[in-house]
> 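Starting off with a structure, shown below.
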Amino acid sequence: MQMLTSIRTSNGKIEIIDQLLLPHTTKYVEITSIEQAYDAIKDMKIRGAPAIASLASLAFAAYIQTGLDSAQPPAFLLSTESFSTHVIRKLDYLSGARPTAVNLGAAIRRLKAVLQSSTDAGRSVGLIAADLISEGKLIADEDFDRNKRMAEHGGEWLAELDRGSRGSGQELNVLTVCNTGSLATSGYGTALGLITYLHEQKKLGKAYYTQTAPYHQGSRLTALELKTMQISSVMICDTMVGSLFQHHKIHAVAVGADRIARNGDTANKIGTYNAAVLAARHKIPFIVVAPISTVDLDTPDGSSIPIEHRKPLEACLVRGAVHPFEFDAEGKVRQETVMITPSGLEGIYNPSFDVTPAELITAIVTEKGVATRKEGETSFDLSGVV
């Protein structure tokens, strides 16, 4: 089954698919510096908590490798002290690209921990650099396998839950929000990975997904991934979730996460909280699927999660293909950005994320398994899945 790829590497070359141009134009952009990686993350050419952590780690590793390969070694490689100071500055710079996504911070902390342990061990600058390069690549490489484990854990848990409610565990209809597939990760996906797993096991009925305004990651990216994999699916507008639950049998809502607090409160793409409230009203299981690196045990609850607010203008604009299609001299579909609001609006509320309280979440799935709340409790004990 064909899947899209958010990041591809070959012989030290790093390329990302420019997600702002999808679904009508597939263009890979080479990332040759830490600054370019920062801009790509900040501008959302690449998005999804696992994917941005992978890109940041790979770009950092490539930067260190370039320094080692230089005929004239840069100044930061001349001593352990200068190397440490320089590396920490670069890592701190990368960590500021998207503040809500904890995976990026977790990757940065891992790299800093390797820097500290290798330095404390008295290793040379060259060996410390090699350790950091290996760790940076490992952060990206380990994502795919853990996504498949999460998908299986969550998919089988949902099928068993359905069987326990006198269902067949088959023909399961699942709604998802935003994009959590291969484009948001290093491969397979988190919540969309669960849907993909059900499809592969012939247990999926239909996948439903919200458009997810204002960036339309659902209608642009999730739609493209599902179409590419030939998975039966239905798109709905963000405001149609309640109607969908009233008129169609939905077995679960599965979403990803950008940060999960210690008690289970979960920050995810704006609109997730709305879906959770409606799912609770209709007694539909609400599942969060995310890697352990998304769980932030240092954050006690959702009130402490920093929420990124995007530029107000972004909520006023939509980019897409001109319709009917027009093609340029190279045969590519012409795309335009249009404003859908009156110009000069003074009041625009545009957070990227909202926080779903743990009491509205049925299960939290990581690569280690599935955590559920005990009856009567409003928070999770995540110790078994982190």
Side-chain angles (χ1 to χ4, degrees), residues 49-50 102 146-170 172-178 180 189-198 201 203-204 207-208 241 245 249-269 272-303 305 354-386:
V102 73
R146 71 185 179 191
N147 289 342
K148 293 206 73 171
R149 291 197 299 275
M150 283 187 287
E152 182 175 356
H153 290 321
E156 291 302 327
W157 179 86
L158 177 58
E160 182 60 32
L161 182 70
D162 185 60
R163 287 191 290 269
S165 301
R166 298 184 178 179
S168 65
Q170 307 286 328
L172 300 171
N173 298 320
V174 182
L175 171 71
T176 192
V177 175
C178 195
T180 58
T190 55
L192 196 58
L194 182 154
I195 289 172
T196 302
Y197 174 81
L198 290 175
Q201 300 301 311
K203 296 178 180 179
L204 182 71
Y208 293 80
V241 173
F245 291 168
K249 175 62 177 177
I250 303 299
H251 295 85
V253 179
V255 302
D258 286 81
R259 186 180 301 224
I260 301 171
R262 187 169 62 241
N263 73 333
D265 289 352
T266 296
N268 193 48
K269 180 57 58 181
T272 302
Y273 177 38
N274 300 38
V277 171
L278 287 163
R281 170 68 178 83
H282 290 271
K283 297 181 172 55
I284 295 172
F286 192 92
I287 308 167
V288 174
V289 186
I292 291 170
S293 57
T294 305
V295 180
D296 184 2
L297 296 177
D298 293 329
T299 297
D301 56 53
S303 65
I305 297 176
D354 55 31
V355 176
T356 298
E359 63 189 276
L360 296 178
I361 299 170
T362 312
I364 295 176
V365 182
T366 74
E367 60 267 41
K368 283 194 174 181
V370 181
T372 56
R373 287 182 292 108
K374 294 179 180 177
E375 188 173 351
E377 293 190 355
T378 58
S379 63
F380 281 82
D381 176 4
L382 298 176
S383 58
V385 295
V386 296

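For the numbers below, each heavy atom of this structure counts, side chains included, while hydrogens, waters and symmetry mates do not.
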> If only atom types and distance count, is the side chain of Thr366 paired as donor or acceptor with the main-chain N or O of Lys368 below 3.5 Å?
yes
> What pairs of residues pass the salt bridge (Lys or Arg N to Asp or Glu O under 4.0 Å) test when at least one of them lies in residues 149-167, not counting sequence neighbours?
Glu156-Lys203, Glu160-Arg163
> Taking side chain to side chain donor-acceptor pair (under 3.5 Å) as the definition, give me every residue that meets it alongside Ser168, ordered by chain and number, with sequence neighbours left out.
none
> To the nearest 0.5 Å, what is the distance between OG1 on Thr180 and NZ on Lys269?
12.0 Å
> Any non-hydrogen side-chain atom of Trp157 less than 4.5 Å from a side-chain atom of Leu194?
no
> Indicate yes or no: at least one non-hydrogen side-chain atom of Pro291 is less than 4.5 angstrom from one of Thr190.
yes
> Output all residues satisfying side-chain contact (heavy atoms from CB on, under 4.5 Å) with Asn274, sequence neighbours left out; order by chain, then residue number.
Asp354
> State, to 0.1 Å, how close Met150 and Val365 come at their nearest heavy-atom pair, and which atoms those are.
O-CG1, 3.5 Å
> Using side-chain contact (heavy atoms from CB on, under 4.5 Å) as the criterion, list what pairs up with Ala151, not counting sequence neighbours.
Tyr188, Tyr197
> Do any N or O atoms from the side chain of Asn173 and from the backbone of Lys249 form a donor-acceptor pair under 3.5 angstrom?
yes
> Check side chain to side chain donor-acceptor pair (under 3.5 Å) between Thr294 and all other residues, then give those that pass, not counting sequence neighbours.
Asn103
> Does the side chain to side chain contact (heavy atoms under 4.5 Å, CB included) test come out yes or no for Val253 and Leu278, once each step is laid out?
CA-CA 10 Å; Val253 179; Leu278 287 163; over 6 Å; no
> Taking Ala358's backbone N and O only, do any of them form a donor-acceptor pair with Asp265's side chain (distance below 3.5 Å, no angle check)?
yes
> Test: salt bridge (Lys or Arg N to Asp or Glu O under 4.0 Å). Region: residues 283-295. Which pairs qualify, not counting sequence neighbours?
none
> Salt bridge (Lys or Arg N to Asp or Glu O under 4.0 Å): which pairs involve residues 252-261, sequence neighbours left out?
Arg259-Asp296
> Between Gly302 and Val355, which heavy-atom pair has the shortest distance, and what is it?
CA-CG1, 3.8 Å
> Please name the pair of heavy atoms, one in Ala257 and one in Ala49, separated by the smallest distance, quoted to 0.1 Å.
O-CB, 4.1 Å
> Quick one: CD1 on Ile292 to CD on Glu367, what's the gap to the nearest 0.5 Å?
3.5 Å
> Side chains of Asn268 and Thr266: do they bring a donor and an acceptor to under 3.5 Å?
no
> Distance check, rounded to the nearest 0.5 Å: Ile287 atom CD1 versus Ile364 atom CD1?
11.5 Å
> Taking all heavy atoms of Leu161 and all of Pro285, pick out the closest pair and write down the distance.
CD2-CG, 3.6 Å
> Taking all atoms of both residues into account, what is the closest heavy-atom pair of Ala267 and Ile305, and its distance?
CB-CG2, 3.8 Å
> What closest approach, in Å, do Ala363 and Thr372 show between heavy atoms, and which atom pair accounts for it?
CB-CG2, 4.1 Å
> I'd like a table of donor-acceptor pairs (distance under 3.5 Å, sequence neighbours excluded) in which one partner is a side-chain atom from residues 376-386, with atom names and distances.
| residue | atom | partner | partner atom | Å |
| --- | --- | --- | --- | --- |
| Asp381 | OD1 | Ser383 | N | 3.0 |
| Asp381 | OD1 | Ser383 | OG | 2.8 |
| Asp381 | OD2 | Ser383 | OG | 3.4 |

> Residues in ring-ring contact (aromatic ring centres under 6.0 Å, His included) with Phe245, at least two apart?
His282
> State the CG-CG distance between Asn263 and Leu297, to the nearest 0.5 angstrom.
11.0 Å
> State which residues pass side-chain contact (heavy atoms from CB on, under 4.5 Å) with Ala276; sequence neighbours excluded, sorted by chain then number.
Phe286, Thr356, Leu360
> Step by step, would you call Val174 with Thr176 a side chain to side chain contact (heavy atoms under 4.5 Å, CB included)?
CA-CA 7 Å; Val174 182; Thr176 192; 5.6 Å; no
